[in-house]
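Accompanying notes for the structure given below.
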Amino acid sequence: MSNPRIPRPFFCGNWKLWGTLSDSVALATGVRNAVAAVTAADVAVGPGFVALGTVADKLKGGSVGVAAQDGYWELKGAFTGEVAMAQIADAGATYAIVGHSERRQYFGETDETVARKAKAALAAGLIPIICIGETLAERDAGRALAVVGKQLDGTTSSLSDDELGKSVIAYEPVWAIGTGRVATPAQAQEVHASIRGKLVQRLRARGQQIRILYGGSVKPDNISELMKEKDIDGALVGGASLTVDSFAKIVQQGVTACTRS
Ligand code: PEP
């Protein structure tokens, strides 16, 4: 019998701008049924805001959690179109993705706004999934570790040690998101190890417990190799989380790969 992996693996779907309410409920309940036997990992789905509360109701009491794809730092007020972290928690979510590269690229998010969102998520009782990652130009210039390190500092230095200890970090190289071009396990591990190093430098042993997810064109046929890497604790999955079959395979094969001896 193999030892449970520490930190506990986590697989989170990010459905982006996808699906009607009935599509969302069907996908969420399909995922719940397909991964019902998985006990060695946490699993969540990431519906759009309109479906979030209904999906959370359907999944209530089960083992699959719900992640919002964003959230705002203010609690209430004249912020038309925004959704407060407390509203997200009230709707039944457990996680909030913050700082996804699409939010940074298309909606002007910065490390500073991402930090505020992460802090607000924690204050609302949510677990933030804080996304960081370099562009292709930054990688080609040999700056991947420096860029990711700066983003990690910029998004987490305002969190208390306790808050950071509760958070999830997602390393998502921008050049790998939705492109079909996955980072090699060695490329991903190099960045994850440097993130781990910074977390351990700040939090000592607790830094070893923080989940660092990889995201960027994760598929059933590449998850096993990624999960064998020491500091890859799970995945944030976009396109391949949109069918029950592919997301369930990612969860099942990912768990098998990292718990095998
Ligand atoms: C994502 O949306 O966070 C993501 C990694 O997308 P994809 O898996 O499609 O590359």
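As the structure lists them, so they are numbered: ligands from 1, and atoms in each ligand from 1. The structure displayed is predicted, hence computed values, not measured ones.
In terms of protein heavy-atom proximity, atom 3 (O) of ligand 1 is closest to E172 OE2, 2.7 Å. Among all protein heavy atoms, the one lying closest to atom 8 (O) of ligand 1 is G238 N, 2.8 Å.
Short contacts between ligand 1 and G239, defined as distances under 4.0 Å to a heavy atom of the residue, involve ligand atoms 7 (P), 8 (O), 9 (O). Within ligand 1, counting atoms from 1 as listed, the ones closer than 4.0 Å to a heavy atom of N14 are 1 (C), 2 (O), 3 (O). Near G178, the atoms of ligand 1 lying under 4.0 angstrom from a non-hydrogen atom of the residue are 7 (P), 9 (O), 10 (O). Annotation for ligand 1: atoms under 4.0 Å from non-hydrogen atoms of G216 are 5 (C), 10 (O). Applying the 4.0 Å criterion to heavy atoms of A176 picks out, from ligand 1, the atoms 10 (O).
Classification of E109 and R104 as a salt-bridged pair fails, no side-chain N sitting under 4.0 Å from a carboxylate O. R116 and D111 are not joined by a salt bridge, as no carboxylate oxygen comes within less than 4.0 angstrom of a charged side-chain nitrogen. Salt bridge present: D42 and R211 bring a charged side-chain N and a carboxylate O closer than 4.0 Å.
Of the N and O atoms on the side chains of T135 and E138, at least one donor lies less than 3.5 Å from an acceptor on the other residue. For T20 and D23, the side-chain atoms include at least one donor-acceptor pair closer than 3.5 Å. For the residue pair W175 and E134, a side-chain donor N or O sits within less than 3.5 Å of a side-chain acceptor on the partner.
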Query raised in the report: Do F11 and F247 pass the ring-ring contact (aromatic ring centres under 6.0 Å, His included) test, and can you show the C-alpha distance, the side-chain angles, and the key distance before you say yes or no?
Result: CA-CA 9 Å; F11 300 89; F247 189 54; 7.6 Å; no
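Close N/O approach between K16 and ligand 1 is found [any backbone or side-chain N/O within under 3.5 Å]. Considering both main-chain and side-chain atoms, H100 comes within under 3.5 Å of ligand 1 through a nitrogen or oxygen pair.
Note: K198 NZ to D153 CG = 3.5 Å, rounded to the nearest 0.5 Å.
Heavy-atom distances between S217 and ligand 1 reach below 4.0 Å in at least one pair.
When heavy-atom distances to ligand 1 are checked against a 4.0 Å cut-off, I177 comes that close through both its backbone and its side chain.
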